[in-house]
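Letters A, B, ... mirror the listed sequences (proteins, then strands); counts begin at 1. Computed from a predicted model, the values in this text were never measured in an experiment. Heavy atoms only: backbone and side chains are in, while hydrogens, waters and symmetry mates are out.
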Amino acid sequence: MRHNRKTMSDPLHAVAERFAQAFATVAGDIADPVVRPSDHADAQINGALGVAKKLGSNPRQVAKDVLVAAGDVSDMCSSLEIAGPGFINVTLSNEFLSIQLQSAMNDMHLGVHVAPTRLTAAVDYSAPNVAKEMHVGHLRSTVIGDCIVRLLEFVGHTVIRENHIGDWGTPFGMLIEHLIDMGQDTAAQELGVGDLDGFYRAARNAFDSDDAFKDRARARVVLLQSGDAETLHLWRTLVSESTRYFNHVYRLLDVLLTDADIMGESSYNDLLAPVVERLREAKLLEVSDGADVVFPAGFTNRDGHPLPLIIRKGDGGYNYATSDLACVIDRTERLDASLLIYVVGAPQAQHLSMVAAVAAQAGWLTPPAHMVHVAFGNVLGDDGKMLKSRAGDTVKLAALLEEAVERAAKAIAQKNPDMPEQERAQVAHMIGIGAVKYSDLSTDRVKDYVFDWERMLSFDGNTAPYLQYAHARMCSIFRRAGIERESVRSVSPIILEPREHALAIRMLQFDSAVWDALEKYSPHRLCTYLYELATDFTAFYEHCPVLKADTEEQRLSRLALCDSAARVLECGLNLLGIRAPEQM
RNA sequence: GCGCUCGUAGCUUAAUGGAUAGAGCAUCUGACUACGGAUCAGAAGGUUGGGAGUUCAAGUCUCUCCGAGCGCGCCA
């Protein structure tokens, strides 16, 4: 009985739907019931206040009229009370919750409704540079982008992952010459073990200190751009050794990116000249200080004059604006994407909005197609400044992830010494990486956050290990009970106790939690939901005996609730890109 | 100078314009030979940076001031 749901499972939506007609009747027009979560009940209906204002009548009276107009809703609500200035407090009936929950749990998406219109989305994220180490700056883009990709796919959109790696430009002259000096095999080995920074530094050093090298490097750039076969071969060595290393980090990080997702800057080389041509044909191009530029409306520089987007530099070269525009064309015209997502740091906001403005003016980005900048803040050290290593340089992402796994392994060894060595290593990976990712995803992405090992690896509070532990407990009940989880999936839950009631509502809200996170491109909203789910579960678990339930019927019902909670939690963590071990 | 982002308990933070601003950590008080104590229950902690405005209702919207960060023509 597995199917894709078109309807929403969140009971608050059901309440809103049920009361919509009553509100229309009373208001004489379509009026939003304004159903919200409540501290005073399962939900509160706030719409009467607005309607009363419009009608010039008493809000409590409006609320009364709405209740009359709604008629018998006892199949959904066990109690409706008018409170305060005109709120309607709603308590949902246990029978209703039981039916809804069983239906949601029979669905392969656990009640999350599919997108009403399916889109093709291109998500631009991660984007490391060839021959440069990935550092914490890439962590956020990669982890947030990965989560957004998973969310989009989950609700049925088609997603094209775009890893826009930095594989082109003037630095490649010196990098290739350094590669030649080192010998390809030696260089490949150095790059292969991940010492990209050492390689880059050495090349830079030679470039700065050796004039002959500098001349060779400049000549090499020309060769590269003219497509010289030998030069391209050397360039490919650099790219492939680097991507091999990126893949090592991606596997460690447990994200979806593969080689198939790589669309480096070099991929757009042939599209750069057409960008200029098409802008010229569209009569948008102007010459300013020897450069070809476009002046999009509404942007000014520090003198208050129009701010240009430079399409072609005075020396005839292209720059990042050109290739970003080429990307827009490629994504809208070749890939037919209508949702262009950029998971890029907040400082690039102005640049991206200028690109969007020019693309729109040129007709390459016509509604409903649009660009979304999923901006994020910095990772800070405990001094409140950009995270740096003790020596003061950037923190290598790989080293940071390895430390996370080590720390998690230590914690497990201490708390669960009986776990076999090999399993411990796997679980340590899930917990360590999960902790890093969750700490990145669990606060509003636009803010900076402080990187804190202690806090992210704590088993208390809003952390990945806490959620993973809650999941492991849910699973362990079935081992104790000696039955398969699947065997309780046809049980219709009996909801009686307040904690069962609260847990059921929470699970049904997975639908809106996922959509809320997706619509705002804010993974932390899903994190908050999962944390609340975990705390609701532990409260239930504490107060409602499962294995020692009064009757066999109740025991099965509660086991079904445990299984459902585990499924929702695992699915939610999965959407965040975090694994949920069954034991830890 | 102009623009963007941020400012919430000691710390880390949440909150579709809705009632008494919700959590976690730390602190304090309870529950135990425990369905995994890697737990649960409770207490205390706030004039949401200041001020004004819009609204039946503002942490949320508008304006202004203060503070922090970032951006503002040929780097990406």
Novice: Grab the CG-P distance between D452(A) and C25(B) for me, whole Å please.
Specialist: 14 Å

Novice: Near RNA chain B, under 4.0 Å by heavy atom, which residues of residues 309-316 of chain A?
Specialist: I310(A), K313(A), G314(A)

Novice: Could you write out each protein N or O paired with an N or O of nucleotides 2-9 of chain B at a distance under 3.5 Å?
Specialist:
from, atom 1, to, atom 2, distance (Å)
G7(B), OP1, K447(A), NZ, 3.0

Novice: Which is it for M371(A) and L352(A) under the side chain to side chain contact (heavy atoms under 4.5 Å, CB included) test, yes or no, and what are the steps along the way?
Specialist: CA-CA 9 Å; M371(A) 277 170 59; L352(A) 283 172; 4.0 Å; yes

Novice: Among all residues two or more places apart in sequence or in another chain, which pass the side chain to side chain contact (heavy atoms under 4.5 Å, CB included) test with N416(A)?
Specialist: I412(A), D418(A), M419(A)

Novice: Where each pair must be Watson-Crick or G-U wobble with both distances under 3.5 Å, what dot-bracket representation of RNA chain B is obtained, with crossing pairs in [ ] and other-strand partners as |?
Specialist: (((((((..((((....[...)))).(((((.......))))).....(((((..]....))))))))))))....

Novice: Could I get the full list of ring-ring contact (aromatic ring centres under 6.0 Å, His included) partners for F537(A), not counting sequence neighbours?
Specialist: F540(A), Y541(A)

Novice: Step through it carefully: locate the ring centre of H40(A), locate the ring centre of F87(A), and say whether they are under 6.0 Å apart.
Specialist: no

Novice: Apply side chain to side chain contact (heavy atoms under 4.5 Å, CB included) to F299(A) and list each qualifying residue two or more places apart in sequence or on a separate chain.
Specialist: P296(A), L307(A), Q350(A), S353(A), M354(A), A357(A)

Novice: For the ring pair Y531(A) and Y466(A), is the centre-to-centre distance below 6.0 Å?
Specialist: yes

Novice: In whole angstrom, what separates L49(A)'s CG from U16(B)'s C1'?
Specialist: 16 Å

Novice: For RNA chain B, what residues of residues 513-526 of chain A have any heavy atom nearer than 4.0 Å?
Specialist: H524(A), R525(A)

Novice: Of Q44(A) and S323(A), whose nearest nucleotide on RNA chain B comes first from the 5' end?
Specialist: Q44(A)

Novice: Extract from the structure each pairing of a protein N or O with an N or O of nucleotides 36-38 of chain B at less than 3.5 Å, listing the distance.
Specialist:
from, atom 1, to, atom 2, distance (Å)
G36(B), OP1, Y541(A), OH, 3.1
G36(B), OP2, R480(A), NE, 2.3
G36(B), OP2, R480(A), NH1, 3.1
G36(B), OP2, R480(A), NH2, 2.7
G36(B), O2', Y469(A), OH, 2.4
G36(B), N7, S476(A), OG, 2.7
G36(B), N1, M584(A), O, 3.4
G36(B), N2, M584(A), O, 3.1
G37(B), OP2, R473(A), NH2, 3.2
A38(B), O2', Y469(A), OH, 2.8
A38(B), N6, M584(A), O, 3.2

Novice: Between Y438(A) (OH) and A23(B) (C1'), how many Å, whole number?
Specialist: 11 Å

Novice: Give every residue pair that meets the salt bridge (charged side-chain N to carboxylate O under 4.0 Å, His left out) criterion with at least one member in residues 515-538 of chain A, sequence neighbours excluded.
Specialist: R506(A)-E532(A), R506(A)-D536(A), D516(A)-K520(A), D516(A)-R525(A)

Novice: I'd like to check the ring-ring contact (aromatic ring centres under 6.0 Å, His included) partners of F207(A); sequence neighbours left out, ordered by chain and number.
Specialist: none

Novice: Apply ring-ring contact (aromatic ring centres under 6.0 Å, His included) to H524(A) and list each qualifying residue two or more places apart in sequence or on a separate chain.
Specialist: none

Novice: Round to a whole Å and report the spacing from OH of Y449(A) to P of A14(B).
Specialist: 13 Å

Novice: Could you state the atom-to-atom distance from CG of L457(A) to P of U12(B) in whole Å?
Specialist: 19 Å

Novice: Which residues pass the side chain to side chain contact (heavy atoms under 4.5 Å, CB included) test with T142(A), not counting sequence neighbours?
Specialist: S126(A), M134(A), H138(A), Y250(A), L253(A), V255(A), L257(A)

